[in-house]
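To start, the structure under review is shown below, and the notes come after it.
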Amino acid sequence: MAKFEQFGLRPEIMQGISDLFYKEPTAIQEEAIPLILEGKDVIGQAQTGTGKTAAFVLPILQKLQEGKKDIQTLILTPTRELSIQIASEIEKLGKHLNMSVLSLHGGTDIERQMNKLKGTVHIVVGTPGRVLDHMRRETLHFGRIHTLVLDEADKMLEMGFLEDVEKIIVSTPSSRQVLLFSATMPDMVKKLGQRFMKQPPHIKIESKQKTVANITQEYYVINQTDKIDALLDLIEVTKPFLGIIFANTQQRVKILTTRLQEAGYDAKALYGDLSQKKRETLMKDFRNMKFQFLVATDIAARGLDVEGVTHVFNYDIPSDVESYIHRVGRTGRANQLGNSISFVTPRQKSVMARFGSATKADIEEKLLTHTRHLDAGRKARAAEREQHYTELKTEKKKQQQIAKAEKEAPLKNALVKNKKVKPGYKRKLKQEMEEWKTQYDRNQKREEAKKTAKANKGKAKPRSGGQSAAGRPGQAPSRPGKRFGK
């Protein structure tokens, strides 16, 4: 079994390793550290959570010249969160050395960074954009660095930093050592290595599973409208010690955080629009377990290393396998047991099958049986829908009445002389009034005719054939007052 002592590291570094309770080197550390100490360029391919940060930090600290004021190492990262985390790792491992590290990233006052660069800085960790910004201002020079590290190279190039990275690399001495670490090895990364590295050995750590073996992974098929209530039910059942809940949008993160707080949970939100100071304070509080649930977008998936996270909830599943692996890797740290729970809609079941195949892990589909919040939520949503439809009907009737009133308003206003109208419109109104009056008279005559016909319907009609009222047929009635024959 390998030990850190075999690398011949300085006592101060060994003390830093001991302070962090590192017991033995990981696979990537065991293979990469000796090669880096020899001065070779190295390509390290390993997933997150495999200890690759210490794989390049320990040799950098070993070669550090504390008496020199020059910047000796540059470490480029794709995100400010990862930059901050690597700088923090360097401070912990090198706290017994007389060394200085500075993280250069956006979201922080550049003037303060410029002032710090005027002092002694041995190691710079930064994002390509902010590093280039300092180079343009001529507050940062890499003419004397001996080590250049490209961490999360695949993610860095995927985010469009290829041109920036190339500009930074060509500003460094040709004699520098280049270390490239990446979870995957797409063509862009390979070409970058071929162009700027000198016959680097390629260390590839094949995990038995891309996700840690001590993480239980499962998913629930559930409609989007039921997810919040299902999350509350599962939190009650699983009872996380510390939990991270991932959602795909900032708005959803805010809504989830509010609902958790309303349910009595200590939860806080992490998303892109937070200031850097707030982010750092938030992460510090979470590491110190000052609150239980961190609700975050994928901005926290990389570079977020917090021990004690027992559960990761994928409220929204990510779009790609790598993001899923990074999320799941936030739990089960330091050989502890972890749990990953994902919510998928019925149409997303095939995505989980793809994730399981890619990670070589069994992701079990489970049924939600504890539904206290879910049942109450469904009843409430049904009542809300009923109320909504009632309000729609009422509003529609109101709008119809308003439309009718608006249509009749000009005529009414003109008749009561409340509003002046154009002469032409007066003639039109007069004509309409005459037509209405004519039609009204016709209707009245028609109604009177109907009444008359109805009244005469019961009266007898005169007989046909010439029979007189006196009796015999064809015989004219006698004249009154005269006798027959006279």
Under a 4.5 Å cut-off applied to non-hydrogen side-chain atoms, are [X] and [Y] in contact?
{"X": "Asp133", "Y": "Arg137", "value": "yes"}
{"X": "His96", "Y": "Asp19", "value": "yes"}
{"X": "Ile205", "Y": "Gln45", "value": "no"}
{"X": "Ser340", "Y": "Tyr219", "value": "no"}
{"X": "Pro200", "Y": "Val42", "value": "no"}
{"X": "Leu35", "Y": "Ile203", "value": "yes"}
{"X": "Val351", "Y": "Ile317", "value": "yes"}
{"X": "Glu152", "Y": "His326", "value": "yes"}

Has [X] got a side-chain atom pairing as donor or acceptor with [Y]'s backbone, closer than 3.5 angstrom?
{"X": "Gln292", "Y": "Pro240", "result": "yes"}
{"X": "Lys227", "Y": "Tyr315", "result": "yes"}
{"X": "Asp316", "Y": "Asn248", "result": "yes"}
{"X": "Thr238", "Y": "Leu234", "result": "yes"}
{"X": "Arg195", "Y": "Leu192", "result": "no"}

Distance check, rounded to the nearest 0.5 Å: [X] atom [atom1] versus [Y] atom [atom2]?
{"X": "Leu337", "Y": "Thr310", "atom1": "CG", "atom2": "OG1", "answer": "10.0 Å"}
{"X": "Leu150", "Y": "Met156", "atom1": "CG", "atom2": "CE", "answer": "5.0 Å"}
{"X": "Lys52", "Y": "Leu179", "atom1": "NZ", "atom2": "CG", "answer": "12.5 Å"}
{"X": "Ile75", "Y": "Ile145", "atom1": "CD1", "atom2": "CD1", "answer": "10.0 Å"}
{"X": "Thr172", "Y": "Gln177", "atom1": "OG1", "atom2": "CD", "answer": "12.0 Å"}

Is it the case that over 12 heavy atoms from other parts of the model lie below 6.0 angstrom from the [atom1] atom of [X]?
{"X": "Glu391", "atom1": "CD", "value": "yes"}
{"X": "Lys63", "atom1": "NZ", "value": "yes"}
{"X": "Glu236", "atom1": "CD", "value": "yes"}
{"X": "Lys198", "atom1": "NZ", "value": "yes"}
{"X": "Arg144", "atom1": "CZ", "value": "no"}

Below 3.5 Å, can you tabulate the donor-acceptor pairs from side chains in residues 114-124 to any protein atom, sequence neighbours excluded?
unit_1, atom_1, unit_2, atom_2, d
Asn115, ND2, Glu111, O, 3.3
His122, ND1, Ser100, N, 3.1
His122, NE2, Glu66, O, 3.4
His122, NE2, Lys68, O, 2.9

Proximity of Phe291 and Phe286 rings by center, below 6.0 Å: yes
Assess the side chains of [X] and [Y]: does a donor N or O sit below 3.5 Å from an acceptor N or O?
{"X": "Ser83", "Y": "Thr127", "value": "no"}
{"X": "Gln251", "Y": "Lys254", "value": "no"}
{"X": "Thr139", "Y": "His134", "value": "yes"}

Lys/Arg-Asp/Glu bridge criterion (N-O < 4.0 Å) met for Lys167, Glu163: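 Judged by the 4.0 Å cut-off on N to carboxylate O distance, Lys167 and Glu163 do form a salt bridge.
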Plane angle bin for Phe4 and Phe7 - parallel if under 30°, tilted between 30 and 60°, otherwise perpendicular: perpendicular
Partners meeting salt bridge (Lys or Arg N to Asp or Glu O under 4.0 Å) with Glu91 (sequence neighbours left out): none
Qualifying ring pair (Phe, Tyr, Trp, His ring centres under 6.0 Å) pairs, either residue in residues 141-198, two or more places apart: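 Residue pairs passing ring pair (Phe, Tyr, Trp, His ring centres under 6.0 Å), neighbours aside: Phe56-Phe181.
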